There are 2 protein chains.
Amino acid sequence: MLNLSDDILEPPGRSPVALDVARRAGVSTATVSRVLNGSAGVRADKREAVMRAAQDLGFVANGAARALSTRRFMAVGAVVPNIENEAFVRVLSCVQDRLRQAGYTLIAANAGYDLEDELREATFLLERGVDGLMLVGDIHHPDLYARITRSGIPMVQTFSLSREHPCVGFDNAASAARAANYLMDLGHRRIGVISGLRKDNDRGGARVTGIAQALAARGLRLAPEHDIEISYGIGGGRDGFRQMLAGGRPPTAIICGTDQIAFGAMIEARARGLSVPGDLSVIGHNDSDFAPFLDPPLTTIRIHSAEIGHAAGDHLIARIQGRPMVRLTEIDAELILRASTAPPRLDAG
Amino acid sequence: MLNLSDDILEPPGRSPVALDVARRAGVSTATVSRVLNGSAGVRADKREAVMRAAQDLGFVANGAARALSTRRFMAVGAVVPNIENEAFVRVLSCVQDRLRQAGYTLIAANAGYDLEDELREATFLLERGVDGLMLVGDIHHPDLYARITRSGIPMVQTFSLSREHPCVGFDNAASAARAANYLMDLGHRRIGVISGLRKDNDRGGARVTGIAQALAARGLRLAPEHDIEISYGIGGGRDGFRQMLAGGRPPTAIICGTDQIAFGAMIEARARGLSVPGDLSVIGHNDSDFAPFLDPPLTTIRIHSAEIGHAAGDHLIARIQGRPMVRLTEIDAELILRASTAPPRLDAG
DNA sequence: TGGCTATCTGAAAGCGCTTTCAGAAACCGT
DNA sequence: ACGGTTTCTGAAAGCGCTTTCAGATAGCCA
């Protein structure tokens, strides 16, 4: 690196502050602030001088001081159940897109499907001073709502609909019911479910409820041995389907909580000599990247994570900026038909 | 909600500050600060009073004021090329683990494999006042290093080794070479590569170089028509392999930049009537969740993302806290042998 | 009980920025 | 050239917390 005088002058211990810029430009810190924040009403020559001085010094405003002064942290927090889950990552990424455009930062945290942990993480973000908060689902620690209210910042829930709180999501029960109806229309009468853990997870719970109700509406029932709950993942899907087969008469179709679970179930089915969709129809959830590439390509409920993220971001920004905003935004999920579903064999009874 | 007097007393407009707690507890803000930061030397009765007052008021310290005062933001930033990439997400998640234990927050940003964007995002984080910075790879915008130096915060690079900068990673060239040697040991002589975009991506570049050198060391060469660069993803893998077949005599083995690419290539191979590993051996990178479940299970280079993340987190925390830290930490990648690799057919020549 | 040390505590001074408010400078028409 | 505007600018007052420093209090022994 060249030893330009500017570099040498900078004592490495202390980074330049607004006062340094002001002195160098021969103005006051007030003017420095005005220039750097783009507010009008500064004569061109002074504006120039400030810009140059800031540039020379490599001045970067201290975010904490700015936040303290403006009472805006310029960041919003998001707590998701699992930061490694494809759908949540997509949402975070899209929320961040929108925030960035408005000059805000996203700070994401992981709750691990546990209400206490979620409370802890959200409190952490609240302490940091985030200007808004994004959560997943409609089940939260009661103290959490109190703290959010007290902090006075806007909050939005995602991935499910809520009658109490602002939300961007879809009707998990209805979309799962749609999948069940589709299977029944194909002629299936023994339909199973493999879902992720449902504790403190309204999405998972609603989906199973929706399916059960759709079955009931046509005089069928979700047999307990066909209602499996496992921890997420491909391995979980294998285990789940194995468990289901152990429960007596096998279903002719299953609806899975994620595409990973569906993938696992399909692997296990094949290992047992069952063909998909010949002996077993399979439906997943999410429309993951790999879903169209499975063998057979997976029929799945596409959750528009990107749209949810964008809408949630817009929602928070609007409320932070004091603009009016609808309480509920519905981003409908969609049943994507591929080749993992077909009518049951005639002899399947 | 019950209308407890405490709730009513709180004017919703203004959240309580340290002074409110101090008054209610009958002490000064200095003592409040001492109690809430766990510093010793406060008599038990006053400590109690402060705790109760803080509790009653639902007091949450203002993070900006604290940061301004302590000159610590208690957050570190991370800029990764693609926040939706499994390996990077894993690293972020593990870095966060470590940071959290030390009381720090992670703020992640997306650079999209573009040096300018990376500079922009990193600057954004620097402005925020992060206490440390994690980057991916050893190729960055020259201005970025200058800004980091000027800010005086510790930085660590990940996923590759660097002779200049602090880093936690592995030798991409060597591990890819190991895969190539393994294939050559099996008897392969026409080996191809499908990698992600290599522009501004030292990892991708190093891997291809490593493979080319390993081939050269045994008197073979990486034919240009067997050296394919595509954008990441399963679809990319399909396209890439199709492209490779169009280039004349097909390879008997390929090494792919990610498991997704490998998956795509396997799909395309099968569509062309080639069996894996009979006609084509395939090696991936990352050991993704689904790799063991592909058909056949995928041989892949396992990158220990979790360990990299933990080490990077520890590295930053140590330096932030002024503890000494080694400049370079090597977390070796590992070749995981599964069923997608086998000796070439005898007639493959 | 007095005097000395060991503990506690509060007043006050920042941290670095934004923003108000009043004064200075520039501009205008006559 | 002068009063009246209009436009700019800087001094100074916070924002809410931490931390120093000196004074107050408690504890102890003789």
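In the text below, chain A, chain B and the rest are named by the order of the sequence lines, each starting its count at 1. If you're wondering where the values come from, they're calculated on a predicted model, not measured in any experiment.
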What pairs of residues pass the ring pair (Phe, Tyr, Trp, His ring centres under 6.0 Å) test when at least one of them lies in residues 127-151 of chain B, not counting sequence neighbours?
B:His140-B:Tyr145, B:Tyr145-B:His165
Exceeds 12 heavy-atom contacts within 6.0 angstrom, atom CE of B:Met51:
no
With a cut-off of 6.0 Å (strictly less than), are more than 12 heavy atoms of other residues, nucleotides or ligands near CD of B:Gln55?
no
Apply the side-chain hydrogen bond (donor to acceptor under 3.5 Å, both in side chains) test between A:Asp314 and each candidate in A:Gln101, A:Arg98, A:Arg319; give the one that qualifies.
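Answer after filtering A:Gln101, A:Arg98, A:Arg319: A:Arg98.
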Just the rounded figure in Å: distance from [atom2] of [N] to [atom1] of [X].
X: B:Asp20; N: D:dC17; atom1: CG; atom2: C1'; answer: 13 Å
X: A:Leu19; N: C:dC17; atom1: CG; atom2: P; answer: 9 Å
X: B:Phe73; N: C:dG16; atom1: CZ; atom2: C1'; answer: 15 Å
X: A:Arg23; N: C:dG16; atom1: CZ; atom2: P; answer: 12 Å
X: B:Asn37; N: D:dG16; atom1: CG; atom2: P; answer: 17 Å
X: A:Arg128; N: D:dC17; atom1: CZ; atom2: P; answer: 15 Å

Strictly distance-based, threshold 3.5 Å: is any side-chain N or O of B:Ser69 a donor or acceptor partner for the main-chain N or O of B:Arg66?
no
Under 3.5 Å: donor-acceptor pair, side chain of A:Arg128, backbone of B:Met74
yes
Per-nt protein contacts along nucleotides 7-15 of chain C (heavy atom under 4.0 Å; B base, S backbone sugar-phosphate only, - none) come out as -SBBB--BB
Find the bend of the helix from C:dT1-D:dA30 to C:dT30-D:dA1 as the angle between its two terminal axes (five pairs each), to the nearest 10°.
30°
Would you sort out whether B:Arg323 and B:Met325 count as a side-chain contact (heavy atoms from CB on, under 4.5 Å), showing the intermediate values?
CA-CA 6 Å; B:Arg323 283 182 279 127; B:Met325 176 48 68; 5.7 Å; no
How long is the straight-line distance from CD of A:Glu121 back to CD of A:Glu118, given to the nearest 0.5 Å?
9.5 Å
